[in-house]
Amino acid sequence: MSPLARIARTFTPRFAEFAFEPGFTAAVDQHVAELRDRLSATGPAATLTPAAPDPADLTDYALGFLDALDDLDWREPPGHDYAVCRLTAITWLVHHHNLLPPRP
């Protein structure tokens, strides 16, 4: 299973919290915007409809982020810390831009 698929499988259930956690929704939205800027080769998007991130770039970023979390011995908390927001943002990008390969 690809790293993006593993992250998406773990953090997709967090989307249900958007309905009753507006602060979490806003935080994830900010993480999505920051990831788009970070992964864009040309800097911040100049259009209202940002392009999909390159799946390889997003995967590389996600692997580095997961490695850093492993170094910290991070465990997913019941609430919303920085890592949960970032991983949920990665998941949102994966779903929004259909970045997972089709299932066989």
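For this chain, numbers begin at 1 and follow the sequence in order. The basis for the numbers below is simple: all heavy atoms, side chains too, and nothing from hydrogens, waters or symmetry mates. Since the structure is predicted, the reported quantities are computational estimates derived from the model, not experimental observations.
At a threshold of 4.5 Å between non-hydrogen side-chain atoms, the residues Val94 and Ile7 do not count as touching. Put simply, the side chain of Arg14 does not reach to within 4.5 Å of the side chain of Trp92, judged on heavy atoms. Considering only heavy atoms from C-beta on, Pro53 stays 4.5 Å or farther from Leu35 through its side chain. Annotation: side chain of His31 is in contact with side chain of Tyr82 (closest heavy-atom distance under 4.5 Å). Residues Leu87 and Leu69 have side chains in contact (heavy-atom distance under 4.5 Å, counting atoms from C-beta outward). With a 4.5 Å cut-off on side-chain heavy atoms, Leu39 and Leu58 count as touching. Looking at Ile90 and Val32, their side chains never come closer than 4.5 Å, going by heavy atoms from C-beta outward. Looking at Leu4 and Arg6, their side chains never come closer than 4.5 Å, going by heavy atoms from C-beta outward.
For the side chain to side chain contact (heavy atoms under 4.5 Å, CB included) test, residues two or more places apart in sequence or in another chain that qualify with Glu21 are Glu17, Phe24, His80. In this structure, the side chain to side chain contact (heavy atoms under 4.5 Å, CB included) partners of Leu63, at least two apart in sequence or on a different chain, are Pro3, Thr59.
Judged by distance alone, the side chain of Thr88 and the main-chain N or O of Phe11 form no donor-acceptor pair under 3.5 Å.
Using modelled atom types, one finds a donor on one side chain and an acceptor on the other under 3.5 Å when comparing Trp74 with Asp81.
Note that CZ of Arg86 is 12.5 Å distant from OG1 of Thr91, once rounded to the nearest 0.5 Å.
Heavy atoms only, all atoms of each residue included: Ser2 and Leu100 are closest at OG-CD2, 4.3 Å.
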